[in-house]
Every structure is written in C-alpha cells, then in structure tokens.
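Sequence lines set the chain letters: A, B, ... in the order given, protein chains first and strands last, and positions in each chain run from 1.
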Protein chains: 4
Amino acid sequence: MLNRVILIGRLTKDPELRYTPAGVAVTQFTLAVDRPFTTQGGEREADFLPVVTWRQLAETCANYLRKGRLTAVEGRIQIRNYENNDGKRVYVTEIIADNVRFLESGNNRNQSSPPPSEPSNKDPFSGDGKPIDISDDDLPF
Amino acid sequence: MLNRVILIGRLTKDPELRYTPAGVAVTQFTLAVDRPFTTQGGEREADFLPVVTWRQLAETCANYLRKGRLTAVEGRIQIRNYENNDGKRVYVTEIIADNVRFLESGNNRNQSSPPPSEPSNKDPFSGDGKPIDISDDDLPF
Amino acid sequence: MLNRVILIGRLTKDPELRYTPAGVAVTQFTLAVDRPFTTQGGEREADFLPVVTWRQLAETCANYLRKGRLTAVEGRIQIRNYENNDGKRVYVTEIIADNVRFLESGNNRNQSSPPPSEPSNKDPFSGDGKPIDISDDDLPF
Amino acid sequence: MLNRVILIGRLTKDPELRYTPAGVAVTQFTLAVDRPFTTQGGEREADFLPVVTWRQLAETCANYLRKGRLTAVEGRIQIRNYENNDGKRVYVTEIIADNVRFLESGNNRNQSSPPPSEPSNKDPFSGDGKPIDISDDDLPF
DNA sequence: TTTT
DNA sequence: TTTT
C-alpha cells in the first residue's frame with residue numbers, strides 16, 4: 001500500500017538506454033550506496049542497487065548521468081521475474097525511479113518523471129531503437 | 001550515502017525468529033505490498049518484500065506480528081550474498097528494518113530499534129535459541 | 001531539490017473541503033503523530049501536522065477520511081505566507097500530500113494524486129462550492 | 001506513529017551552534033529547497049526549511065556545513081511552541097535531523113546522529129559554550 | 001530575511 | 001485547539 005525508496009549514491013557505470021518492442025525508452029544503471037557502518041575489519045562496504053527509469057525520465061538519465069556521478073533517486077522497490085535459459089524462474093529486485101536528481105553534472109539538469117497521461121502503448125514505435133531485451137510487460141504503469 | 005525505504009503492507013506468514021551462533025536475535029518476514037497500478041488485464045499485483053530485523057526489534061516483531069497484519073516498516077535496502085550448494089554465488093535483496101509499526105494488533109504495541117550501545121558480540125550467548133542458519137557476518141551493525 | 005515527507009497518524013477532526021475561486025477542490029486536515037519518545041515526565045506527546053490535498057485527491061479524502069482514522073500521507077513540506085489583518089506577514093508550514101492511504105475505513109478505499117495532465121484552471125468552475133478562503137495562487141502545480 | 005522527512009537543498013547561511021543551559025550542543029540552519037514546479041510567471045520558487053541537529057551531530061554540522069553547500073537531511077517534523085514577548089503562544093515547525101549528508105565539501109565528511117546511550121543531562125556541562133537561548137525542554141530525546 |  |  002506504500003512503497004517508497006530514497007537513495008543517494010554514485011553510478012558504477014554509464015547508464016544504458018534500451019527500447020521495448022513498442023518503442024518505450026528504458027534506462028538502467030546501478031547506484032553504489034555506502035553502508036552507514038564499517039565491517040568488523042574496519043572496511044566500508046557498499047550496496048550496488050539496480051535502478052530502472054522509463055520514458056522521458058529514461059531519456060534524460062541517459063543524456064545526463066555518467067559513471068561516478070553523485071545522484072539521488074526516488075522510487076519504489078519492485079520484484080521482476082522471468083524464466084532463464086535453464087527454464088528456471090529468476091527473481092530480480094530493482095528500484096523503479098520516478099524522480100532522479102543529478103547532484104553533480106556539467107549543467108545540473110534534473111528531472112522528474114512526467115507521468116503518462118495516456119496509455120503509452122497507443123502509439124507503438126519501434127525500429128530506431130537499440131537491440132531489445134526488455135518486455136513491455138515490465139512497464140511500471 | 002543515503003538509503004531509506006518505507007513500506008506499508010501485510011505479512012504473508014507469521015514472522016520467523018532465529019538466533020545467530022553468537023546468540024543475536026534475527027526475525028524475518030515478508031511484506032506483501034500492492035503495486036500502485038493495475039496490470040493491463042485489470043489485475044492488481046503485489047511485490048513480496050523480505051524484511052529482516054535484529055536484536056530487541058527482532059524479539060518484539062516475533063512477539064507481536066502475525067500473518068495478514070497491516071504493518072509499516074522503515075529501513076534500508078541491503079544485498080547479501082552467499083555461496084549455494086552448487087558453489088554458485090547467490091545475491092539476496094532484503095530490507096533491514098530499524099523501525100516497525102504495528103498498524104493492526106491486539107494491543108497495538110509498536111517498536112523502534114533500540115540502537116546497539118555496545119558491540120553486540122561482546123557477550124555471546126547461544127543455546128537457548130532456535131536452530132541456527134544466519135551468520136554473524138550478516139549483522140547490519 | 002528533493003523534499004519528501006511520509007507520515008502515519010490520526011485525524012484530529014473530520015477533513016474540511018473547500019474550493020478556490022477557480023473551483024479547484026482543496027481538502028485540509030490535521031494529523032496527530034506521536035513522537036518516538038516520552039517526555040521527562042513519562043508523557044507521550046504528539047505533533048499536530050497540517051495536511052493539504054488538491055483536486056481529485058481532495059475529493060477522495062473528504063469522502064473517506066474521518067476524525068480518529070489512522071492514515072498514511074506522502075508529500076512535501078511547503079511554507080505558505082500571507083498578510084494577516086494586522087498587516088503582518090504570517091508563515092504557515094503545511095504538508096502538501098500527493099498520496100494518502102486510508103489505513104482504517106469502512107471500505108478501505110485509497111487514493112493517489114492523479115497528476116494534472118492539463119492546466120487545471122482551464123475550466124474554472126465555481127458556485128456549487130463552499131465559501132472560499134484559499135487563493136488559486138496556493139496551487140501546488 | 002511514523003514521521004520521516006528527507007530533504008536535499010542548500011544552506012542559506014552558515015550554521016549556528018548554541019548550547020543549552022545543561023551544555024548540550026544544538027546547531028540550526030536553513031535549507032533552501034527548490035519546488036518541483038515553476039510559478040505561473042515561470043519563476044522557480046523555493047521553500048526555506050529550518051533544520052535542527054543535536055549533540056555530536058550538531059558539532060559535526062557546525063564544523064563542516066557552510067552557506068550554499070548542497071546538503072541532504074533526514075529527520076522528522078516537529079512543532080515547538082513558546083510564549084513570545086507579547087504573551088502570545090508562537091508555533092515553530094522544524095525538521096529535527098538525525099542524519100546529515102554533506103554532498104559538497106572540502107573533505108566530504110558525513111555524519112549520522114550517534115544515538116544517546118545515556119541520558120544526556122547526566123553530566124551537565126556549561127561555560128565553554130556560546131550564549132544560551134535554547135531550553136533543555138526542547139531536547140528531542 | 002534567504003541558497004545555486 | 002487537537003488523535004488513539
């Protein structure tokens with residue numbers, strides 16, 4: 001009934017922009033977030049949290065985020081599952097972001113998710129996109 | 001650098017209380033959290049999010065939470081990994097809770113995590129506990 | 001650049017629905033939220049936090065929320081100011097909610113803020129409403 | 001029962017460190033947080049949100065925060081009241097922070113609130129401090 | 001009263 | 001000024 005996540009961390013790599021078969025933009029990146037404590041050996045560890053953004057926000061993230069940049073993300077946790085090559089069901093936990101803040105960048109653009117006023121698969125559009133590996137079934141709204 | 005999660009959902013089962021080899025209490029349960037939208041077929045789906053609590057908060061959760069109860073959880077996302085029987089590294093994403101609110105219950109007790117003022121493994125204590133299956137290396141602080 | 005509030009508490013009174021001069025619905029209520037600690041005299045205190053909702057969410061809150069109901073609110077903190085009768089500037093801190101969860105209710109309806117796809121003052125509508133005391137300048141988007 | 005605020009913004013001034021009569025450190029500063037939308041005239045507005053930190057976290061904030069610095073704050077909203085010179089009761093809404101992240105700084109130190117393991121007024125200590133203007137009654141825990 |  |  002309520003599912004809210006707020007993260008601040010750094011991108012482990014440049015973001016990756018893909019398109020669904022219907023032409024919807026999806027950007028994925030991983031945020032390294034330091035843990036609030038050190039290990040018994042005095043080491044500071046981090047969690048590497050996968051983030052997914054859709055549509056306009058995906059395009060903006062692909063344009064402005066880069067490896068190493070300090071970034072704030074707001075969204076919700078979601079568990080996606082699919083069948084792998086061995087026919088086994090695999091569960092993936094991801095943060096579906098609806099708000100991303102670029103805390104470091106050349107021009108400091110920031111962007112929130114402009115919510116879809118229309119069903120987005122009304123005007124399917126495919127062909128200009130990158131190779132496809134994400135299903136439209138994964139669309140978060 | 002910042003990692004905050006807030007969930008409201010219902011327990012899918014009664015919570016499970018375990019003890020680490022050093023005698024530290026750990027309670028695990030899963031929260032079913034409805035997604036904020038319906039699927040293309042009009043179905044409402046949910047995410048089933050694993051929650052972990054430690055020490056005093058673990059004891060309180062084990063005492064007061066039950067299957068089906070509406071519950072609020074505050075914490076952080078953490079990725080734990082271990083080697084499975086096939087020698088493969090498995091990654092598990094969990095919410096480490098430091099605050100749990102019992103939104104439905106007989107007596108409506110609630111509890112926050114009383115933070116560890118002392119290293120908790122100073123006074124190892126084991127023997128009264130349930131069978132052990134969680135390592136002390138997983139201690140969140 | 002980021003402003004997020006999540007509250008769980010109880011309404012101190014029934015919510016109040018008003019309309020702006022342009023006919024936009026606004027609902028206000030106060031949430032009593034217990035503090036996480038007791039006072040030196042062992043008393044438990046609460047904060048009484050004013051919440052504002054707009055448009056469709058305002059109508060839903062007016063319909064479903066009632067005094068004493070346990071309620072979760074997501075939104076942002078905003079400071080509004082106006083000139084009072086003495087010509088002095090007064091500052092009011094409020095939570096502008098975009099998501100409200102009815103944790104107790106007859107039928108357990110819940111509602112998120114359906115974001116404005118169009119400028120909402122396109123079709124001003126006034127006359128059926130209650131006496132007006134909120135300016136359209138206070139519109140949060 | 002739950003009261004959580006997360007902000008990212010910039011300090012409008014250098015932070016101010018004070019001490020209570022019992023010698024407890026308190027640091028106050030204001031965070032300018034841009035609103036997520038522009039006004040009808042295309043202007044971007046901000047909210048100026050007062051933040052309070054206590055004890056060790058207060059000292060760290062006073063040492064490392066400066067005017068203009070981008071800063072993340074986690075805490076809860078609290079309403080404090082006092083009688084002013086005219087004998088009128090005045091209400092002040094503040095964010096009591098328990099976690100502050102320095103997103104810009106020389107050496108990028110960050111600090112969470114080390115929770116009070118002992119009642120802090122056990123060892124009152126006053127005299128080295130700045131002039132006093134905050135009551136020990138305002139202590140958040 | 002305010003930050004970039 | 002306040003809720004359970």
Distances under 3.5 Å between protein N/O atoms and the N/O atoms of nucleotides 2-4 of chain E, please, pair by pair.
from	atom 1	to	atom 2	distance (Å)
E:dT4	O4'	D:Arg10	NE	3.4

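Residues D:Phe37 and C:Arg76 approach most closely at CE2-NH2, 3.4 Å, considering heavy atoms. Smallest separation of non-hydrogen atoms from C:Ala72 and C:Ile8: CB-CG1, 4.0 Å.
Legend: residues meeting salt bridge (charged side-chain N to carboxylate O under 4.0 Å, His left out) with D:Glu74, ordered by chain and number and at least two apart, are B:Arg4, D:Arg4. Here B:Ala25 pairs with B:Leu17, B:Tyr19, B:Ala58, B:Glu59 under the side chain to side chain contact (heavy atoms under 4.5 Å, CB included) rule; sequence neighbours left out.
Using a cut-off of 4.0 Å between Lys/Arg side-chain N and Asp/Glu carboxylate O, C:Glu104 and C:Arg69 are scored as not salt-bridged.
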